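Everything numeric in this text was worked out from a predicted model, so none of it was measured.
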Amino acid sequence: MSVPPVGDDTVRRAVAALREGAPVAIPLPSPMPYTITGTEAAAVNGAKGRPADQPVGLTVTDIDAVAPYLDVAEEVLPMMRWLGESERVSLLAPVRPDEPRWLRPATLDGMLFFTAMPWIPEFAGILAEFGHLYMSSANLTGSPPTTTAAETRAAFGDRLLVVDGDRLRDGTRPHGSTTMVRVNSHGELAVARSGINNAAFGNDPAAYATDLAKRWNAHADTSL
């Protein structure tokens, strides 16, 4: 498939492909990578060369989409919203046992892996069309995530539609997979997987988690 530039027609093509069950490569805002996105987790895994039933990430338009199913205290939800929307980290949070079926591909051992970060505005209509999609970084298993349209096309060839959002991203910055932050029922934070968000903290992910907690407390205090 081609690598179309940004435009309304590109969004329509991406939505049409997703409706047909095909995976689509879509970039997240800098400093995140390109992603493989689909309406079916098996399609995302298939594009990456992984087992069809391997857990994948979930991306939602807003944390409100998953909040009723999270097994966290009510007062933890504003922090999780801030982590997703402002810090743009991926979240790993306990989920209630009565979760709906659409959460299950992103759930492992009672923990839901999801993002609620804003998309690039020009592509936000794609996610809005579905409300939620399954997602993983754009790379074949064992390879680093792709960060440009050309890298993504080179990795996946003609097997899927690649949406070119390079001009909407900051090519001068390092890019990489998101940091995954674990949130327990009481709102305690820990880094479950290091990524681009905590790169400045080197080999000390605990320091990043502590920094997040401090900055959230300061933010919450000023919001009162």
Side-chain angles (χ1 to χ4, degrees), residues 3-7 10-11 14 23-37 44 47-48 56-63 79-92 113-127 133 135-156 160-183 189-216 218-219:
V3 184
V6 178
T10 305
V11 171
V24 177
I26 301 173
L28 291 177
S30 292
M32 312 311 167
Y34 271 67
T35 66
I36 302 299
T37 302
V44 173
K48 290 169 64 77
V56 297
L58 178 77
T59 181
V60 293
T61 52
D62 188 278
I63 196 172
M79 179 183 67
M80 295 182 69
R81 184 184 301 276
W82 174 79
L83 287 168
E85 295 179 358
S86 297
E87 296 301 309
R88 298 183 176 181
V89 297
S90 296
L91 295 167
L92 192 65
F113 172 36
F114 72 99
T115 67
M117 70 177 69
W119 278 29
I120 293 172
E122 286 80 355
F123 303 142
I126 300 173
L127 179 57
L133 291 165
M135 176 181 286
S136 185
S137 57
N139 61 287
L140 298 174
T141 299
S143 301
T146 63
T147 60
T148 67
E151 288 179 0
T152 307
R153 178 63 184 277
F156 294 94
L160 48 76
L161 176 68
V162 177
V163 176
D164 183 353
D166 289 355
R167 71 174 180 83
L168 303 174
R169 289 155 52 83
D170 184 356
T172 66
R173 300 176 63 181
H175 287 71
S177 294
T178 60
T179 297
M180 185 192 301
V181 175
R182 182 189 299 269
V183 184
L189 304 180
V191 173
R193 183 194 69 194
S194 288
I196 194 67
N197 306 76
N198 66 304
F201 288 78
N203 295 321
D204 193 355
Y208 177 66
T210 299
D211 181 70
L212 283 176
K214 287 180 178 178
R215 287 192 288 115
W216 161 248
H219 172 81

Handout entry: Candidate pair Phe123 and Val163, rule side chain to side chain contact (heavy atoms under 4.5 Å, CB included), full reasoning
Key = CA-CA 9 Å; Phe123 303 142; Val163 176; 3.5 Å; yes
Handout entry: From CA spacing to verdict: side-chain hydrogen bond (donor to acceptor under 3.5 Å, both in side chains), Thr59, Thr115
Key = CA-CA 5 Å; Thr59 181; Thr115 67; 3.3 Å; yes
Exercise for the section: Take Phe114 and Met80 through the side chain to side chain contact (heavy atoms under 4.5 Å, CB included) test and state the conclusion after the steps. Expected result: CA-CA 11 Å; Phe114 72 99; Met80 295 182 69; 3.8 Å; yes
Problem - Working for side chain to side chain contact (heavy atoms under 4.5 Å, CB included), residues Glu122 and Val11 - result: CA-CA 8 Å; Glu122 286 80 355; Val11 171; over 6 Å; no
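Contact record, Met117 with Met32: SD-CG, 4.1 Å, taken as the closest heavy-atom pair. Closest approach of Thr37 and Trp119 over heavy atoms only: CG2-CH2, 4.4 Å. Closest heavy-atom contact between Ala25 and Ile36: CB-CD1, 4.1 Å. When all heavy atoms are compared, the tightest approach of Pro33 to Pro145 is CB-CB, 3.9 Å. Between Ser143 and Asn139, the shortest heavy-atom distance links the atoms O-ND2, 2.8 Å. Between Asn197 and Arg88, the shortest heavy-atom contact is ND2-O, 3.2 Å.
Checked against side-chain contact (heavy atoms from CB on, under 4.5 Å), Ala192 has the following partners two or more places apart in sequence or in another chain: Leu92, Met180, Arg182. With sequence neighbours excluded, the residues forming a salt bridge (Lys or Arg N to Asp or Glu O under 4.0 Å) with Arg215 are Glu87, Asp211, listed by chain and number. For the side-chain contact (heavy atoms from CB on, under 4.5 Å) test, residues two or more places apart in sequence or in another chain that qualify with Pro205 are Val191, Ser194, Asn198. The salt bridge (Lys or Arg N to Asp or Glu O under 4.0 Å) search around Arg173 returns none, not counting sequence neighbours. Remark: Asn203 engages no residue in a side-chain contact (heavy atoms from CB on, under 4.5 Å) (not counting sequence neighbours). Among residues two or more places apart in sequence or in another chain, the side-chain contact (heavy atoms from CB on, under 4.5 Å) test is passed with Thr148 by Ala150, Glu151, Asp166.
No side-chain heavy atom of Phe156 sits less than 4.5 Å from a side-chain heavy atom of Val162. By the 4.5 Å heavy-atom criterion applied to side chains, Leu83 and Leu189 are counted as neighbours. In this structure the side chain of Ser30 reaches within 4.5 angstrom of the side chain of His175, judged on heavy atoms. Residues Val24 and Leu160 fail the side-chain proximity criterion, which asks for heavy atoms closer than 4.5 Å. Side-chain contact between Ile196 and Ser177 is absent, with no heavy-atom pair separated by less than 4.5 Å. Between Leu212 and Val181, the closest side-chain pair of non-hydrogen atoms falls below 4.5 Å.
No donor-acceptor pair under 3.5 Å is formed between the side chain of Arg193 and the backbone N or O of Ser90. One N or O on the side chain of Thr210 and one on the backbone of Ala206 form a donor-acceptor pair closer than 3.5 Å. Under the 3.5 Å distance criterion, the side-chain polar atoms of Lys48 are left unmatched by any main-chain donor or acceptor of Ser136.
Partner Tyr34 forms a side-chain contact (heavy atoms from CB on, under 4.5 Å) with one of Thr146, Leu28, Thr147 and no other, that one being Thr146.
Atom CD1 of Ile120 is separated from atom CD1 of Ile126 by 9.5 Å, given to the nearest 0.5 angstrom.
Using cut-offs of 30° and 60° on the angle between ring planes, the pair Trp82 and His219 is parallel.
Look at Arg81 and Asp62 and you find a salt bridge, because one of the NZ, NE, NH1 or NH2 atoms lies within 4.0 Å of a carboxylate O, short of that distance.
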